[in-house]
Amino acid sequence: MRPASFLLALALCLSAWALFMVLSPPPLLHPEATLGLLARLDLDGDGRLDRSELSGYASPGISAGGYDLDADGFVDAYELEVFLLAVDPVPLGYLAFTNPADPR
Amino acid sequence: MRCTLPHALTAALALSACAPQRSPSFLVVSMDTFRADRLGSLDARGLSRTPRLDALAARSSVYRRAYAQANETLLSHGSLFMGKVPSHVAPLRYDAFTFASDAPTLAARLARAGYRTEAVVSGGHLNPDFGLWVGFQRYATTCDFCGFQQSVDEAVLRLETLAAQERPFLLFVHGYDNHAPYVRPSLLGRLETPGYDGPWLQLGLENLSYERVYDGLYFPDFQPPEDVPAPGGKVSSPDTYGALRRYAQAHPERGQPLTDEDLAFLRGSYDAAASLVDFHVGRLLDSAEELGLGDELVVVVLSDHGEGLLDHGFFNHRATLHDENARVVLVVHRPGQPAERVDEPVALLDVAPTLLALAGLEQRGLEGRDLGLGADPDRVVLSESVLGHRSARNAEHTLILRDTTYLGIEPPAALPEQAWLGDASGRSAAWDRDAVGPLWAGVRELWL
């Protein structure tokens, strides 16, 4: 093989690898737990949650779109894990424990 | 003397036998308000919402009848840390229950023996104001009344630091995920009851709403008693539940029934919290594994009390000492020890002597029992509450005393207002003086 052909083949391989890495979701940090929960929720068994599945689970007013990071219409395992690891925006807010300066 | 190879080998063996073993480190996880029967391996419904905890339980000692010594966070953790029933720690009042600065807590005893002692807690009654920090060299509150989502993040960082040190350590981690309000809007806010569209989507966001439900009826006009003073703030009055019951009995027409769907949603929200606890505690266990601590880390997973889900009228834990509130999770993983299921009653105050025994330290002054000694078939486990309730449990029965004036083994005049007898599973049983006698002896020892 001539050096130019070898370099071209190498460049193609590297490009394909780079494209694969860009398109593949990052590995799960906690695959066992995340995939276990996903399996419970994934009613049609396609390995991801579509809008119709999520609309039942999500609280009214919570848009699944915010968790669909790549905007492909689905929440996949990686996006579900991101949700689970993100700090819940709604604090538990136990009202009975009050500050004296701000009594109930 | 010539040093031959056999001599050298013998000497090396002797030295290794005499060399002090490295003391084990301890990871203690406290799941606030987590009912024992929501741990998958103890769930009588056959459901598993906790696969990660179940996997830990499968290779650990699981105490199927473990009981907290109180039905709320402050007293229960005080008892856990001191290894004594709450009334032997401090007066059972929110403005007085605290530790002296030199209290011989589990953490203080370990620290004196060279352990590094740290805690990552989630505020509320574990806020430093309440004084349960004694003995911890670092006591971090991630936020007030939050969950493991936050505390595990911090705990993982601490675990990395602690694992890099030569010293053994105690790391205590706590989260309020299962505490009311159970309802929290999120991507999985209706995890157990998809599509639920009832009024409790909104009502369930407020803790006060839960304090207005009695026996399946919601009393929107009920006003709980004034909050009572406590260090650093106020807490809701323990008389809330008595006041609610009296109100409900006086004004039954004002109660609005919760539908089956409402109840399923509220209980499902509680169960969903258990699933999320499992995910986050699983992260912590993953981290310990990745840090290579598996062979030397003793892991204790417990809950400080349970939660009534209308089992005896209330959505809360402070109202009674029945099993839904007093029975707790207790899983102890000791590396190298075979898994076991223990059916005899044990107590959360057994945790301190058990860990001290594993560390090779004295257990003087503690009221619990080293769980490593095996089951005690004659054990009587005692619990208390700020309402003056007392309970005693042995292998066969449960006795709950609601009236501090009742002092006998004969049937009290006002059953079940004054006293209640149940079987080992917490089901109501006919009064039996032969059963009450040994239980009463335990209560009398505690009380008189």
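Just so it is clear, the model here is predicted, and its values are computed rather than measured. Chain A is the first sequence line, chain B the second, and so forth, proteins listed ahead of strands; every chain is numbered from 1.
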Checklist entry - Among residues 188-196 of chain B, which residues come closer than 4.5 Å to chain A, judged by heavy atom distances? => result Leu188(B), Gly189(B), Arg190(B), Leu191(B), Glu192(B), Pro194(B), Gly195(B)

Item to check | Minimum heavy-atom distance Phe83(A)-Gln149(B), with the two atoms named | outcome: O-NE2, 3.9 Å

Checklist outcome for this item: All heavy atoms of Leu85(A) vs all of Arg283(B), minimum pair found to be CD2-CD, 3.2 Å

Checklist outcome for this item: What one should report as the nearest heavy-atom pair of Pro185(B) and Ser59(A) is CA-OG, 3.1 Å

Next on the checklist: Less than 4.5 Å to any heavy atom of chain A: does that hold for the side chain of Arg52(B), its backbone, both, or neither?
Outcome noted: side chain

Checklist entry - Can you name the residues that form a side chain to side chain donor-acceptor pair (under 3.5 Å) with Ser76(B), not counting sequence neighbours? => result none

Next on the checklist: Would you say that more than 12 heavy atoms from the other residues, nucleotides or ligands in this model lie under 6.0 Å from the CD of Glu160(B), or not?
Outcome noted: yes

Item to check | Side chain, backbone, both or neither of Leu49(A) within contact of chain B (heavy atoms, under 4.5 Å) | outcome: neither

Item to check | Interatomic spacing from CG in Leu187(B) to OH in Tyr67(A) - rounded to 0.5 Å | outcome: 5.5 Å

Item to check | Reported OG-to-CG distance for the pair Ser287(B) and Leu29(A), which is rounded to 0.5 angstrom | outcome: 11.5 Å

Checklist entry - Relative to chain B, which segment of Thr34(A) carries a heavy atom at a distance below 4.5 Å: side chain, backbone, both, or neither? => result both

Checklist entry - Taking the side chain as C-beta and beyond, is there a heavy-atom pair between Glu32(A) and Asp286(B) under 4.5 Å? => result no

